[in-house]
Amino acid sequence: MLAGRGTFIDDLAPQDCLHLVFLRSPRARGIVRQLDLSDARAAPGVVAAFSGDDLGALGDAAVNPLLPGMRIPRFRLLATDRVYAVGQPVAAIVATSALDAVHAAGLVKLSFDHAPEEPGLQEEAVSHAWSTGDVEGLFQTAHRIVQVKVQHARLAPSAIEPRAALGTWNNDERLLTVWLATQTPHRARTDLAGILGLDAEQIRVIAPDVGGAFGGKASIYPEDAMVAWAAWNLRRPVKWCSTRSDDLAAATHGRGGTTEGELAVNSAGRMIALRARLEFPLGHWLPFSAVVPGRNAGRILPGPYRVEAVDVRLSGKLTNTASVGIYRGAGRPEAAMLMERLADKAACALDLDPAEFRRRNLLAPEALPYRTPTGETLDSGDYPALLAKACQRAGYDTLRREQRARRERGEICGVGLSIYTEPCGEGWESATVSLTVDGALMVATGSSAQGQGRETAFAQIAADVLGVPPDRISVRHGDTATTPAGIGALASRSTAIGGSAVLRAAESLRHMACREAAGILGCSATGLATDGDGLTSLGDPNRMLSWRELAAHCLASDRQGTDGHALSASEVFRASGEAWSSGCCVAQVSVDLETGVPRVERITMVDDIGVVVNPMLVEGQLHGGMAQGLGEALMEKIVYDTDGQLLTGSLLDYALPRAADIPAVVSDRLSTPSPFNALGAKGVGEAGCVGVPAAIVNAVVDALSPFGITQIDMPITGETIWRAMRSGPSMAEE
Ligand code: SMO
């Protein structure tokens with residue numbers, strides 16, 4: 001329900017708050033000849049204007065060193081002598097109103113050297129290889145070899161709320177408070193401390209209501225740090241709210257990779273070896289999870305299939321563009337796309353139905369836990385059952401029969417399958433569950449929330465343990481001063497890992513509460529039941545203590561827990577391995593013969609996300625992910641021209657799916673609990689967008705197969721299809 005009662009950063013208005021606006025680079029590369037801020041500084045309302053040279057020496061933000069040998073460029077709040085991308089912040093103007101700051105930014109004199117063409121960034125910053133088995137030898141003996149090349153469009157994460165930050169410096173407390181639209185408040189605090197040269201204790205980061213993120217708010221940005229620096233240096237509140245256009249230019253993008261794969265199959269229709277080349281653009285600076293998309297794409301291969309020999313190579317190069325980071329799926333859709341396109345091509349080469357070819361090659365459930373040829377461990381799953389259930393729910397055999405009949409009537413229609421595996425939920429997360437002094441129950445999580453309904457799910461988990469109704473439990477998150485240190489919300493980890501921490505902390509609190517109550521009531525701790533009213537002796541229902549009485553007792557006996565609560569239990573949960581979600585998706589599409597416009601008639605998704613905590617939230621996540629997967633397949637593309645100018649600078653040029661674009665959806669579950677976390681949960685936040693693009697692309701290629709078309713790049717617009725239908729058989733053939 002849209003009630004207008006949220007508090008986002010733009011809703012915060014501290015007294016005498018200043019507004020910061022960035023002047024951004026109009027060029028993708030160049031040497032700065034002149035940057036003159038004097039007119040801007042003299043403009044009405046302007047309090048200060050900063051260039052990169054005004055900031056002095058600053059530290060770097062952390063980049064997750066997930067792969068060896070990464071080369072990490074400096075983290076610059078503002079450009080200094082060179083610019084590296086359109087949209088890069090060059091100057092920061094601080095004024096008493098945002099409008100004055102915008103006006104003053106227009107008075108900055110910025111010019112560039114007419115130097116001989118700058119070569120631009122092209123350095124390889126990331127490279128890695130995963131290699132197992134005699135790939136070359138197996139390719140020599142192959143019955144058939146198929147290949148595909150997929151160009152993934154760059155995508156903009158496009159949360160409803162653009163990025164925003166507000167900094168305030170409290171001189172008495174020597175405390176810098178930064179409100180930040182972020183997925184990772186604790187990491188933001190560490191990063192800000194490192195960049196500004198402050199102690200972490202001097203910084204408090206608060207993520208108030210955050211209007212979506214999708215990976216785009218997982219890392220600290222130069223703009224965030226600039227706002228914090230300005231508030232700290234000016235000793236005044238400073239706020240910055242990005243615009244949609246600024247975010248399209250300078251927030252992190254997702255996808256954008258080029259993947260090439262070759263699959264060798266034997267005469268029994270079994271996959272025997274895989275080669276893959278993955279090239280991922282990185283942009284001009286590296287956010288914390290810069291290598292995650294490429295690394296995920298590589299390590300996930302060969303997905304749910306048994307392929308014993310693989311040779312996968314990843315290369316990530318710096319580019320004169322916005323930085324590329326994680327975006328819902330983060331390498332998982334790319335891995336699924338490569339395998340599922342290869343599977344369809346192989347099925348075609350063998351003259352097998354795509355479902356039958358997959359059936360022959362999926363890992364059997366008895367094989368799990370399974371050590372993959374890229375060194376990962378698949379925890380649990382039943383891929384053949386997923387395929388069977390999705391085919392049954394979609395009426396796959398009927399669809400194939402109907403397709404033949406429709407084709408005879410002159411219709412262009414296709415059916416596409418995809419099966420995905422998705423790593424999600426590893427590492428640690430924290431939670432504290434407390435009985436407050438007035439008898440209320442509270443969860444504080446190191447994870448965070450951006451509109452997923454996390455408060456509801458976490459309250460449910462604690463409520464289940466404590467035997468109380470979920471609405472009796474309040475959930476705190478997103479404030480480094482009032483929550484235990486944690487990682488945050490990303491990589492579909494929050495319920496599996498953060499929820500497991502809540503579960504364990506709630507169990508500890510229940511244990512503590514029972515022990516205290518047992519002493520008071522004179523019974524054994526194990527002989528107590530807990531519910532919304534309090535704790536009751538199982539043997540004698542008259543022996544009863546309300547939560548409030550227990551809290552009062554703890555306070556009186558001076559036994560209170562941390563943070564001034566009556567009782568508190570804190571837990572850090574560490575997963576013993578990674579959870580792997582999986583799923584199967586069937587897409588039905590038709591194409592208008594005259595215009596080429598594709599229509600997704602129906603999507604059937606069966607997902608294995610382990611143990612489900614809240615079915616309604618799960619359904620919402622899957623539908624939202626599906627919509628973004630559909631946007632990826634059919635509509636979305638960030639476009640730079642050959643000079644690095646951004647051609648998709650607003651939502652007039654960058655197409656997002658709207659309600660009318662969303663097809664009928666059949667969504668079902670098949671659960672195999674993860675053995676690696678306390679809940680048995682797996683990730684669902686990204687699941688919806690991992691398998692959907694591949695199923696849609698496979699369905700479109702299937703629809704267009706009578707035209708000899710065997711490959712089509714995303715986004716598959718009406719124009720793409722219209723041109724493909726008219727140019728005939730695909731050029732790139734095996
Ligand atoms: S793309 Mo997610 O926030 O790991």
Side-chain angles (χ1 to χ4, degrees), residues 63-64 66 152 154-161 163 180-188 207 210-221 247 251-257 280 282-283 286-297 299-300 322-337 420-429 446-454 477-478 486-498 575 578-581 609 621-622 624-629 631-632 636 681-693:
V63 178
N64 198 350
L66 281 167
H152 286 267
R154 264 175 184 258
L155 305 180
S158 305
I160 290 176
E161 181 202 24
R163 293 176 296 149
L180 200 58
T182 179
Q183 299 169 242
T184 53
H186 295 275
R187 194 162 75 211
V210 176
F214 308 123
K217 294 172 183 165
S219 286
I220 199 90
Y221 279 95
D247 269 9
T252 50
H253 294 157
R255 317 279 193 267
F280 278 65
L282 296 169
L286 302 189
F288 185 78
S289 303
V291 307
V292 167
R295 174 177 174 268
N296 273 347
R299 73 192 181 108
I300 289 167
S323 174
V324 183
I326 51 175
Y327 164 50
R328 202 173 196 171
R332 301 164 181 87
E334 292 94 322
M337 181 66 70
Y420 72 87
T421 51
E422 100 154 282
C424 47
E426 62 171 342
W428 64 277
E429 194 53 274
S447 186
S448 67
Q450 299 81 40
Q452 300 93 333
R454 188 136 301 133
H477 60 82
I487 294 194
L490 70 163
S492 298
R493 67 196 309 284
S494 301
T495 302
I497 311 301
E578 196 165 14
W580 286 70
S581 296
I609 51 162
Q621 285 292 339
L622 288 168
M626 181 276 301
Q628 280 175 309
E632 169 169 1
E636 299 184 42
K682 300 175 179 179
V684 68
E686 299 166 279
C689 73
V690 177
V692 165

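When a ligand or atom number is given, it counts from 1 through the structure's own listing order.
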Enquirer: Contact between Ala491 and ligand 1, counting heavy atoms under 4.0 Å?
Expert: yes

Enquirer: List the atom of Ser492, the atom of Glu686, and the distance in Å for their closest heavy-atom pair.
Expert: OG-OE1, 2.6 Å

Enquirer: Side-chain donor-acceptor pair under 3.5 Å between Ser581 and Tyr420, yes or no?
Expert: no

Enquirer: CD of Gln183 to OG of Ser289: how many Å apart, nearest 0.5 Å?
Expert: 9.0 Å

Enquirer: Under 4.5 Å between any side-chain heavy atoms of Val63 and Val291, yes or no?
Expert: no

Enquirer: Which atoms from ligand 1 have a heavy atom of Leu490 less than 4.0 Å away?
Expert: 3 (O), 4 (O)

Enquirer: Identify, by atom number and element, the atoms of ligand 1 in contact range of Gln183, meaning under 4.0 Å from any of its heavy atoms.
Expert: 3 (O)

Enquirer: Which atoms of ligand 1 sit under 4.0 Å from any heavy atom of Glu686?
Expert: 1 (S), 2 (Mo), 4 (O)

Enquirer: Would you call Glu578 and Arg299 a salt bridge, using N to O less than 4.0 angstrom?
Expert: yes

Enquirer: Which atoms of ligand 1 have any heavy atom of Phe214 under 4.0 Å away?
Expert: 1 (S), 3 (O)

Enquirer: Within ligand 1, which atoms have a heavy atom of Tyr327 less than 4.0 Å away?
Expert: 1 (S)

Enquirer: Looking at Lys217 and Glu161, is any side-chain nitrogen of the basic one under 4.0 Å from a carboxylate oxygen of the acidic one?
Expert: yes

Enquirer: Should you measure from each heavy atom of Arg328, which atoms of ligand 1 turn up under 4.0 Å away?
Expert: 1 (S)

